[in-house]
Amino acid sequence: YEEWCKVLRQCREKFYLMNYIHSDQLPVLYSYTKKGQNKDAVVTILNFIHPGVSDFEYILSTLQQSIDYSTPENELEALGKTLDKIGKDLVPTAEKMFDRKPKSKFFEIVQEGRLFVAALEPDSQLIIRTLLALHWNTTQNIPFAHNVLFCNKNTSQDEITLFLNRCQGCKTGNLFSVANVEKLAHETQDFLVKGLGNFNGNTSFRLALLCIGNRSHPFLERFGDLVMQPKALTKNELQQFLSRNYPNVLTMTSDVPGLG
């Protein structure tokens with residue numbers, strides 16, 4: 001098992017798009033390349049990499065033709081090379097959040113090469129609005145699903161690793177955000193902090209960490225002067241964002257829990 005993890009880690013280091021694929025998704029990809037099974041699941045995986053991809057038939061046929069099954073290592077290597085080959089067709093085009101530019105202050109923008117740690121008040125309900133505000137202020141673009149990690153008590157170390165790898169290897173200036181860090185298990189929080197140490201010396205990443213809790217929270221205490229309290233989108237701005245970008249979606253909300 002340890003040898004397999006080592007091979008997988010090396011493959012992810014070598015082929016960037018392998019960091020969009022979870023370990024338990026590899027058998028799904030192989031079942032398609034070998035037997036043509038689970039096509040819908042493979043399309044879902046590809047949509048995570050690029051939500052607007054259209055030429056699925058070319059990509060799927062390329063996957064089927066390129067896998068070497070002689071050893072597990074060769075399978076991974078061939079899959080990584082294939083994703084690299086079709087990678088130019090899997091680069092999503094970002095969409096603007098609003099028709100106007102934000103009036104951002106310097107401390108509301110996530111700077112390249114510098115961690116941005118956001119602290120929200122205990123019991124805050126503004127995590128989504130704060131995350132969207134950071135993306136608007138920094139890139140003006142709607143974040144893709146692969147740019148955001150919402151944490152919970154079951155978030156795995158593998159999910160953390162893949163997300164940090166995507167952030168470190170990104171060459172397009174995209175902002176990556178980890179939200180609800182306070183919900184991670186203690187061991188996973190420690191794993192995240194250790195992983196962030198690998199960002200030292202990297203000057204091109206953009207990464208925001210959002211944590212609900214006061215400054216004495218164990219996670220926030222680790223970052224001292226890096227901790228910020230950015231403004232969230234207003235209710236009107238959130239409504240404008242949803243109406244502009246998702247006009248066919250009706251959003252129901254309520255002040256009473258469970259009635260939204």
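Residue numbers run from 1 in the order of the sequence given. Quick note: numbers below take in every heavy atom, side chains included, and nothing from hydrogens, waters or symmetry partners.
- In terms of heavy-atom proximity, Arg12 sits nearest to His22 at NH2-C, 4.3 Å.
- Donor-acceptor pairing under 3.5 Å is lacking for the side chains of Thr82 and Asp84.
- The minimum heavy-atom distance between Ser177 and Phe163, with the atom names listed, is O-CZ, 3.4 Å.
- Side-chain contact between His135 and Ile142: absent, with no pair of heavy atoms (C-beta onward) separated by less than 4.5 Å.
- Looking at Glu77 and Lys14, a side-chain N of the basic residue comes within less than 4.0 Å of a carboxylate O on the acidic one, giving a salt bridge.
- Linking Ile, Leu, Val, Met, Phe, Trp and Tyr residues whenever their side-chain heavy atoms come within less than 4.5 Å places Leu131 and Leu126 in a single cluster.
- Here the rule is side-chain contact (heavy atoms from CB on, under 4.5 Å) with Leu175, and of Thr138, Ile109, Asn137 only Thr138 fits it.
- A heavy-atom distance below 4.5 Å is not found between the side chains of Phe150 and Val178.
- The heavy-atom pair separating Ile212 from Ser124 by the smallest distance is CD1-O, 3.7 Å.
- Within a 6.0 Å sphere centred on CZ of Arg114, heavy atoms belonging to other residues, nucleotides or ligands number 12 at most.
- Counting heavy atoms from C-beta on, the side chains of Cys170 and Tyr16 come closer than 4.5 Å.
- The local environment of CD in Glu121 is sparse, with at most 12 non-hydrogen atoms from other residues, nucleotides or ligands closer than 6.0 Å.
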Start with the C-alpha distance between Leu83 and Phe15, add both sets of side-chain angles, then the distance that settles side-chain contact (heavy atoms from CB on, under 4.5 Å), and finish with yes or no. CA-CA 8 Å; Leu83 289 174; Phe15 303 108; over 6 Å; no
Can you list the steps and then say if Gln111 with Phe116 is a side-chain contact (heavy atoms from CB on, under 4.5 Å)? CA-CA 8 Å; Gln111 304 297 327; Phe116 189 104; over 6 Å; no
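- When atom types are taken as modelled, the side chain of Asn147 and the backbone of Phe144 share a donor-acceptor pair closer than 3.5 angstrom.
- In this structure, His146 NE2 and Tyr20 OH are separated by 4.0 Å, a value rounded to the nearest 0.5 Å.
- To the nearest 0.5 Å, the span separating CG on Leu233 from CD1 on Ile128 amounts to 10.5 Å.
- Side-chain atoms of Gln168 do not come within 3.5 Å of backbone N or O of Arg166 as any donor-acceptor pair.
- Considering only heavy atoms from C-beta on, Ser23 comes within 4.5 Å of Leu8 through its side chain.
- Atom CD1 of residue Ile160 and atom CZ of residue Phe191 lie 7.5 Å apart, to the nearest 0.5 angstrom.
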Applying side-chain contact (heavy atoms from CB on, under 4.5 Å), run through Thr234 and Glu237 and close with a yes or a no. CA-CA 5 Å; Thr234 65; Glu237 287 172 335; 3.2 Å; yes
For a side-chain contact (heavy atoms from CB on, under 4.5 Å) check, start with the C-alpha distance between Leu26 and Met18, then their side-chain angles and the critical distance, and finish with the verdict. CA-CA 10 Å; Leu26 291 172; Met18 288 292 290; 4.3 Å; yes
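- Counting heavy atoms from C-beta outward, Glu187 and Asp190 have side chains that stay 4.5 Å or more apart.
- By the 4.5 Å heavy-atom criterion applied to side chains, Met97 and Gln140 are not counted as neighbours.
- Counting only N and O atoms by type, the side chains of Thr172 and Asn174 include a donor and acceptor under 3.5 Å apart.
- Distance alone, capped at 3.5 Å, places no donor-acceptor pair between the Ser243 side chain and the Gln240 backbone.
- Contact annotation: the side chain of Pro230 approaches that of Thr130 to within less than 4.5 Å [non-hydrogen atoms, C-beta and beyond].
- More than 12 non-hydrogen atoms from other residues, nucleotides or ligands lie less than 6.0 angstrom from CD of Glu112.
- Taking hydrophobic clusters as Ile, Leu, Val, Met, Phe, Trp and Tyr residues chained together by side-chain heavy-atom distances below 4.5 Å, Leu210 does not share a cluster with Phe176.
- Phe205 has its side chain within reach of Leu115: a pair of non-hydrogen atoms, C-beta onward, lies under 4.5 Å apart.
- A continuous path of Ile, Leu, Val, Met, Phe, Trp and Tyr side chains, each step under 4.5 Å between heavy atoms, connects Leu120 with Val110, placing both in one hydrophobic cluster.
- For the residue pair Gly213 and Leu220, the shortest heavy atom distance occurs at O-CD1, 3.4 Å.
- The aromatic rings of Trp136 and Phe98 sit tilted, their planes meeting at an angle between 30° and 60°.
- In the model, Gln157 has no side-chain atom that pairs as donor or acceptor with a side-chain atom of Thr161 under 3.5 Å.
- Ring pair Phe223/Phe219 is tilted by interplanar angle, where 30° to 60° counts as tilted.
- A continuous path of hydrophobic side-chain contacts links Leu238 to Val249 [ILVMFWY only; heavy atoms under 4.5 Å].
- To the nearest 0.5 Å, atoms CZ (Arg206) and CG (Leu134) are separated by 12.0 Å.
- The distance from atom CG of Leu149 to atom CG of Asn180, rounded to the nearest 0.5 Å, is 9.5 Å.
- No donor-acceptor distance shorter than 3.5 angstrom exists from the side chain of Asn19 to the backbone of Leu162, with no hydrogens or angles considered.
- When the side chains of ILVMFWY residues are joined at heavy-atom separations under 4.5 Å, either directly or via intervening members, Phe199 and Val193 end up in a single hydrophobic cluster.
- Across all their heavy atoms, Lys231 and Ala133 have their closest contact at O-CB, 3.4 Å.
- Here the closest non-hydrogen pair linking Arg215 and Glu221 is O-CG, 3.3 Å.
- None of Asn38, Val42, Leu46 except one satisfies the side-chain contact (heavy atoms from CB on, under 4.5 Å) rule with Leu29; the exception is Val42.
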Between Asn214 and Ser216, does a side chain to side chain donor-acceptor pair (under 3.5 Å) hold up when you go through it step by step? CA-CA 5 Å; Asn214 55 44; Ser216 63; 2.4 Å; yes
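- Residue-environment remark: NZ (Lys96) exceeds the threshold of 12 foreign heavy atoms within 6.0 Å.
- A distance of 6.5 Å separates CD1 in Ile21 from CD1 in Ile45, rounded to the nearest 0.5 Å.
- The aromatic rings of Tyr246 and Phe241 lie perpendicular to each other, with more than 60° between the two planes, well past the 30° mark.
- For Asn154, the CG atom is densely surrounded, since the number of other residues' heavy atoms within 6.0 Å is greater than 12.
- Inspection of the Asp158 and Ser156 side chains reveals no N or O donor paired with an N or O acceptor under 3.5 Å.
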